[in-house]
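Take a look at the structure set out below.
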Amino acid sequence: MKHLPIFLDIKDRPVLVVGGGELAARKVESVLKAEARITVVAEDLCQTLQDMAEKGSLEHQARAFDDGDIAGVDLVFVATEDEDLNRRVSSLSQDAGVPVNVVDRIDLCTFIMPALIDRSPMLVAVSSGGDAPIIARVLKARLETFIPAGLGRLAEFAGACRDRVKDAIPEGPLRLRFWEHFIHGPIAEYILAGQEEAAGNLLDETLASAGESGDITSRGEVYLVGSGPGDPDLLTFRALRLMQQADVVLHDRLVTDDIMELVRKDAERIFVGKRRGDHAMPQEEISQLMVRLAKEGKRVLRLKSGDPFVFGRGGEEIDVLSSEGIHFQVVPGVTAANGCAAYAGIPLTHRDHAQSCVFVTGHAKDDQLDLDWPMLVRPSQTLVVYMGLDSLPMLTEKLIAHGADPKTPAAIVDNGTRPGQRVVTAPLEDLARRAREEDLPGPSIIIVGSVVTLRDRLSWFKPFPG
Ligand code: SAH
């Protein structure tokens with residue numbers, strides 16, 4: 001180990017910064033977060049430092065560095081372009097036994113600054129010891145995506161209730177179990193979701209029952225998670241985190257294998273979708289299964305394609321969960337319309353083409369499509385039809401019968417955002433015939449409107465140019 005990582009308490013302690021440029025400003029910003037008392041010695045200050053000086057965040061001494069400046073300070077930072085000065089400040093600091101950091105000159109430093117993931121009070125420091133700052137930065141970026149933004153709040157909450165937990169559960173091993181449930185269960189999830197009041201109520205409840213029975217029953221919960229249209233890169237950070245902590249996952253047909261790969265390896269998997277020729281599990285049964293599993297204390301991941309609240313029956317599921325008093329959270333996902341449009345190069349709205357966009361389901365009931373046709377054929381509007389492939393002939397016919405121009409540009413995006421993505425474009429009157437010819441496997445969405453022409457006019461990076 002080249003350096004000893006330590007976390008220094010420098011609140012209200014004197015820190016000297018020599019140099020007034022942007023590099024000095026970066027250091028000052030970090031040190032200010034630890035609430036040190038900063039003096040900057042420099043003839044001139046850059047705008048950032050000037051602003052800080054005006055706000056009273058630092059003291060500026062507009063003059064050249066003086067050897068006596070080092071006396072009595074806890075840390076020294078040097079960021080000047082004067083090589084001799086950098087050396088001189090470094091050696092004076094070392095002689096005086098004051099830790100010194102010279103920007104970009106590791107040979108003149110007695111300490112270095114790590115890349116930081118700041119979820120105060122939680123801190124993760126990453127360092128390559130000066131050998132490869134780029135690797136430290138890449139690692140930091142990965143950790144940033146992995147560590148929830150609300151982790152600091154969680155740590156603060158845990159800190160604030162430590163004594164109460166100790167009083168309610170005096171027995172050590174039982175208390176450890178409590179903390180394990182706390183961190184992996186609904187209390188922590190409420191805090192990460194910014195619902196501190198709900199977390200507080202649940203904590204009260206849990207501690208009261210632990211006090212009575214001496215036991216902490218683990219509480220189940222449900223994560224209703226949108227997994228996007230298929231490309232795993234479109235998952236949200238929260239979706240991924242919950243996928244990796246669930247005990248059991250209920251998934252349906254449109255959730256791809258690539259996405260299922262990212263679910264915790266030892267989680268139980270229950271397929272609740274429809275396979276060819278087979279029947280899907282009825283909605284009521286799925287809801288009851290979630291309730292039962294959560295009541296057994298499991299963390300249940302209900303993984304949906306796209307967004308749970310867009311033709312996803314998410315509303316019905318949370319209705320059942322809330323009436324049964326099950327804790328749950330809903331995580332939005334990229335809905336098929338957004339994902340497919342972006343990957344097919346079709347903007348859903350555009351100043352010159354469409355000022356509104358309507359999502360409808362083309363799922364026919366008793367071979368009938370019961371839709372508000374006059375509303376769907378309005379001008380300057382993009383229409384997106386989910387689940388419309390089977391009813392496409394009827395759909396296009398009805399739109400035209402209600403006044404849509406038969407030449408209206410239209411597109412089918414099949415397997416959008418996935419490696420097999422295909423895009424078929426045709427005037428509305430030909431779309432059903434073209435779909436038949438192409439024999440699309442689905443899932444597909446249909447986009448109708450003049451925005452479709454932009455696909456050929458605009459050239460940009462399309463991940464799967466179908
Ligand atoms: N909740 C989902 C929609 C579920 S309904 C969402 O927000 O996207 C299922 C329909 O979504 C399919 O019939 C199809 O119309 C559309 N769909 C889902 N994934 C798709 C994909 N990768 N490509 C094209 N259409 C898709």
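Note that the coordinates shown come from a computational prediction; the quantities given were computed from them, not determined experimentally. Every number for a ligand or one of its atoms is a count from 1 in the order of the listing.
- Using a 30° and 60° split on the angle between ring planes, W179 and F182 fall in the perpendicular class, above 60°.
- Defined by atom type and a distance below 3.5 Å, a donor-acceptor pair is present between the side-chain atoms of D414 and S444.
- Between Y190 and the choices E197, H327, E221, Q195, the side chain to side chain donor-acceptor pair (under 3.5 Å) rule is met once, by H327.
- Between F271 and H251, the ring planes are perpendicular. Angles over 60° get that label, and only those under 30° would be called parallel.
- Residues F328 and Y223 place their aromatic rings such that the two centres sit no closer than 6.0 Å.
- Between H363 and F311, the distance separating the two ring centers is not shorter than 6.0 angstrom.
- Within 4.0 Å of ligand 1, contacts by protein heavy atoms are made from P229, L254, S305, G306, D307, V310, F311, T335, A336, C340, Y386, M387, V413, N415, G416, R418, P443, S444, I445.
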